[in-house]
Engineer: 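For reference, the structure I am asking about is given below.
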Amino acid sequence: MTVLFGGTFDPVHNGHVSAVRKIIDVLCPDRMIIMPARINPFKTGSVQCATALQRLEMCRLAFEGSGEVSDLEIHREGVSYTIDTLEALMACAPDEYYLAVGSDSLRSLPAWHRAEDIVRIANVVTVSRRCGEDLLPYARAIEDMGGKVTLITADPFEVSSTQLRWMLSNNEDAAGLIPDKVYDYIKKNRIYQ
Ligand code: ATP
């Protein structure tokens with residue numbers, strides 16, 4: 001079994017790290033692939049503060065020992081569509097695939113490019129981002145499209161990259177919210193200032 005966890009990771013934070021740990025605990029996958037996007041289809045208009053290569057490096061620091069960080073999307077021209085990535089991965093490494101998403105992405109998934117193809121070829125695993133969220137309606141929407149969803153709702157880690165970009169640009173202390181090695185890299189390279 002292979003799990004694909006994609007995102008902008010601008011910056012990667014402990015919510016992402018905690019999500020990956022939980023997915024590994026629940027699914028015990030053979031491969032856990034972390035995929036920083038070159039251009040997120042839903043964030044084309046927004047400013048990405050770190051460069052693609054900095055986001056890739058931050059992911060490598062954050063997931064050392066827990067997942068394989070792939071540069072497939074970073075090196076592919078244009079908008080990073082998940083279906084293109086899944087098809088490319090499956091072509092070179094056929095396996096049972098799971099797509100890992102946070103709860104906000106589960107909600108938006110039906111609007112993704114070729115969403116029906118995504119949920120036909122990959123199962124979905126979702127990690128809650130907030131306590132008390134009701135994810136069942138969103139899971140049902142995916143099931144109505146023919147997909148299968150595994151929900152992981154225990155102990156959400158409530159943090160977002162948006163919150164961290166704001167904190168870092170205002171010199172607020174983000175210790176505990178970002179992996180230490182990533183925090184050192186951000187400070188050394190003066191990202192988000
Ligand atoms: P932004 O605030 O810039 O939108 P983000 O914190 O949502 O960023 P992304 O890189 O966009 O981070 O998210 C990548 C994936 O990780 C998405 O599927 C998202 O739902 C999930 N995710 C993000 N934060 C968490 C969290 N705290 N817990 C669980 N999943 C998360």
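Position 1 is the first residue of the sequence; numbering continues from there. Everything numeric here is computed off the predicted structure, so don't read it as measured data. Both counts, for ligands and for their atoms, begin at 1 and track the order of listing.
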Engineer: Have W166 and T162 got a donor and an acceptor in their side chains that come within less than 3.5 Å?
Structural biologist: no
Engineer: Check for me whether R55 meets the cation-pi criterion with F9, that is, NZ or CZ under 6.0 Å from the six-membered ring centre and within 45 degrees of the ring axis.
Structural biologist: no
Engineer: Does G6 have a heavy atom less than 4.0 Å from any atom of ligand 1?
Structural biologist: yes
Engineer: Would you check whether E158 reaches within less than 4.0 Å of ligand 1, judged by its heavy atoms?
Structural biologist: no
Engineer: Going from CE on M32 to CZ on R21, what distance comes out if it is rounded to the nearest 0.5 angstrom?
Structural biologist: 12.0 Å
Engineer: By number and element, which atoms of ligand 1 are closer than 4.0 Å to a non-hydrogen atom of R165?
Structural biologist: 3 (O)
Engineer: Quick one: does Q163 get a heavy atom under 4.0 Å from ligand 1?
Structural biologist: no
Engineer: Can you find a heavy atom in the side chain of Q163 that is under 4.5 Å from one in the side chain of L177?
Structural biologist: yes
Engineer: Just jot down the ligand 1 atoms closer than 4.0 angstrom to any heavy atom of D104, in number order.
Structural biologist: 19 (C), 20 (O)
Engineer: For ligand 1, which atoms have a heavy atom of T162 less than 4.0 angstrom away?
Structural biologist: 1 (P), 2 (O), 3 (O), 4 (O)
Engineer: If you measure from the Lys or Arg side-chain nitrogens to the Asp or Glu carboxylate oxygens, is any gap between R31 and D95 under 4.0 Å?
Structural biologist: no
Engineer: Has T8 got any heavy atom lying under 4.0 angstrom from an atom of ligand 1?
Structural biologist: yes
Engineer: If you count heavy atoms of other groups shown closer than 6.0 angstrom to CG of D180, is the number above 12?
Structural biologist: no
Engineer: Check each atom of ligand 1 against the heavy atoms of S161 and keep those under 4.0 Å away; list them by number with element.
Structural biologist: 1 (P), 2 (O), 3 (O), 5 (P), 6 (O), 8 (O), 12 (O)
Engineer: Do R114 and E87 sit within salt-bridge range, that is, some charged N less than 4.0 Å from a carboxylate O?
Structural biologist: yes
Engineer: Hey, are K181 and D184 close enough for a salt bridge, meaning a charged N less than 4.0 Å from a carboxylate O?
Structural biologist: no
Engineer: Need the ligand 1 atom indices (1-based, order shown) with element for anything under 4.0 Å from a heavy-atom of F9.
Structural biologist: 10 (O)
Engineer: Do ligand 1 and R129 have nitrogen or oxygen atoms that lie under 3.5 Å from each other?
Structural biologist: yes
Engineer: F5 versus ligand 1: do any nitrogen or oxygen atoms come within less than 3.5 Å of each other?
Structural biologist: no
Engineer: Would you say that L99 contacts L109 through its side chain, given a criterion of any heavy-atom pair below 4.5 Å between the two side chains?
Structural biologist: yes
Engineer: When only distance counts, is F157 in polar contact with ligand 1, meaning an N/O pair under 3.5 Å?
Structural biologist: yes
Engineer: Mind checking whether D10 has an N or O less than 3.5 Å away from an N or O of ligand 1?
Structural biologist: no
Engineer: What is the ring orientation for F63 with F5, classed by angle as parallel under 30°, tilted 30 to 60°, or perpendicular over 60°?
Structural biologist: perpendicular
Engineer: Please state which option from G102, S160, P11 has its nearest heavy atom closest to atom 18 (O) of ligand 1.
Structural biologist: G102
Engineer: Under a 4.0 angstrom heavy-atom cut-off, which atoms of ligand 1 come close to V101?
Structural biologist: 18 (O)
Engineer: Atom CG in L168, atom CZ in R190: separation rounded to 0.5 Å?
Structural biologist: 13.0 Å
Engineer: Taking both backbone and side-chain atoms of V159, is any N or O found less than 3.5 Å from an N or O belonging to ligand 1?
Structural biologist: yes
Engineer: Under 4.0 Å from a heavy atom of G7: give me the atoms of ligand 1 that qualify, with their elements.
Structural biologist: 10 (O), 14 (C)
